[in-house]
Protein chains: 2
Amino acid sequence: MKKTPVSRTTAAAPRRLKLGPLRDNLGYLTRVLRNVTQQSSARHVDDLGHATGQITMLGLIAANEGVSQNELAGAMLMRKSQVTSLIQDLVERGLVQRAEQGGDRRYNALTLTPPGQQAWKRARDRIHQHSDELLGALSPDEREQLTALVRKLLAAHLQDAEIDFD
Amino acid sequence: MKKTPVSRTTAAAPRRLKLGPLRDNLGYLTRVLRNVTQQSSARHVDDLGHATGQITMLGLIAANEGVSQNELAGAMLMRKSQVTSLIQDLVERGLVQRAEQGGDRRYNALTLTPPGQQAWKRARDRIHQHSDELLGALSPDEREQLTALVRKLLAAHLQDAEIDFD
DNA sequence: TATTGTTATACTCTATAACTATA
DNA sequence: TATAGTTATAGAGTATAACAATA
């Protein structure tokens, strides 16, 4: 329990690392934030057996019945080939259906199956808990500020993606 | 030039995608933010020939002369094996030196060579421009708010990493 | 016995391009 | 000719564990 911090001659750095110019750099901050998020997400959603991005896909399909794979790709900044394989897996697991559209037979109108809706509900609760844990150090006001600022930034950079960030 | 947006019967979604519960989810927002950041970073720093993370390493070594590889791993949320290969490449390119420490011969005290300092200066300017571009839609106050909130969040989750986020 | 760093290996995620089928 | 989606392939990034050298 007591770790005797007295006169540590260890190599293991008694000093605190300075960030220098990286302190205000959004590229750096974003990458570390992403690493923190990804590592902690393992504890929250790994047992659900979804690959990275699949939970987001379930959520986007739930909120936008009949969405196309191309729209998903645009909204998630993924390549369509990546969307294909992730959706394919969701279809094989019986969570997503590719319904044919009346007009244009080129694209798939994606919908959740009943099991898919169940899976989304479960996953939604988990990622909500995860988000709360991540934001734990911030006050309610600060949480709202942070997410609002990120949405504003994303809206400016994803104008072509046609996402409603408001 | 004129794209005749009138009566588009295209499949290509005239609608805007709703986010639903993802709107406030930090995991989702972080992943998209990371994708935006990474894709735009290509235009800013790709020609410098550094692998992902190497610019951050140059910056951390510049701000913390004699830092160990383990400290870098902790500060960047990387495995030590990953640090080994990235540092190895930087050494081969003559940008980083592994100096022996007086006391403990197990660890490498990392420093920048003169060419390494030059490379860091160049890279620092570029990532600064990149960060400015990313934050372009935000006011000066909002920029400061955003980075400060991210730092506060990271400081709470990276207590063991011994980084000075203040 | 614990720690720093190396090496080897496999797995996930991402990028590119050629292909089909529809329009 | 252009678009939605598929397939195949390669590359980057990350995770794991066994190992050597030093403490």
ask   = Under 4.5 Å between any side-chain heavy atoms of A:Thr111 and A:Val67, yes or no?
value = no
request  = Could you check B:Asp47 against B:Arg122 for salt bridge (charged side-chain N to carboxylate O under 4.0 Å, His left out), going step by step and ending with a plain yes or no?
outcome  = CA-CA 11 Å; B:Asp47 63 299; B:Arg122 263 194 306 276; over 6 Å; no
Detail all sub-3.5 Å separations between protein N/O atoms and N/O atoms belonging to nucleotides 11-16 of chain D.
| residue | atom | partner | partner atom | Å |
| --- | --- | --- | --- | --- |
| D:dG13 | OP1 | B:Thr52 | OG1 | 2.0 |
| D:dT14 | OP2 | B:Gln82 | NE2 | 2.5 |
| D:dT16 | OP2 | B:Arg79 | NH1 | 3.1 |
| D:dT16 | O4 | B:Ser81 | OG | 2.9 |

query = Does A:Thr84 place a side-chain N or O at less than 4.0 Å from the phosphate oxygens OP1/OP2 of D:dT6?
reply = yes
Rounded interatomic separation in angstrom, taking CD from B:Glu71 and C1' from C:dG5 = 14 Å
key: hydrophobic_cluster_shared for B:Leu153 and A:Leu26, side chain cutoff 4.5 Å   = yes
ask   = B:Tyr107 has an atom OH; how far is it from atom P of C:dT6, in whole Å?
value = 14 Å
query = What integer distance in Å separates B:Gln69:CD from C:dT6:C1'?
reply = 9 Å
inquiry  = Output the rounded distance in Å from CG (A:Asn108) to C1' (D:dT3).
reply    = 13 Å
message = Just verifying a value: how many Å separate A:His157 NE2 and B:Leu33 CG, rounded to the nearest 0.5 Å?
response = 9.0 Å
ask   = Can you check whether B:Met57 reaches B:His50 side chain to side chain, under 4.5 Å on heavy atoms?
value = no
task = Work out which heavy atom in A:Arg16 is nearest to a heavy atom in B:Ile163; give both atom names and the distance.
result = NH2-O, 3.1 Å
ask   = Among side-chain atoms of B:Gln54 and B:Arg93, is any donor-acceptor pair under 3.5 angstrom?
value = yes
inquiry  = Holding to side-chain hydrogen bond (donor to acceptor under 3.5 Å, both in side chains), I want the full list of residues that pass it with A:His130, two or more places apart in sequence or in another chain.
reply    = A:Ser40
message = For B:Leu110, is there any backbone N or O sitting under 3.5 Å from a side-chain donor or acceptor partner on B:Asn108?
response = no
message = How many whole angstroms separate atom NZ of A:Lys80 from atom P of D:dA8?
response = 16 Å
request  = Mind calculating the distance between CG (A:Leu72) and P (D:dT6) to the nearest angstrom?
outcome  = 12 Å
Listed pairs, N/O of protein and of nucleotides 20-23 of chain C, under 3.5 Å:
| residue | atom | partner | partner atom | Å |
| --- | --- | --- | --- | --- |
| C:dA23 | OP1 | A:Arg105 | N | 2.9 |

message = Distance check needed: D:dA8 C1' versus A:Gln88 CD, whole Å only.
response = 13 Å
A:Met57 CE to C:dC13 P, straight-line distance once rounded to whole Å = 11 Å
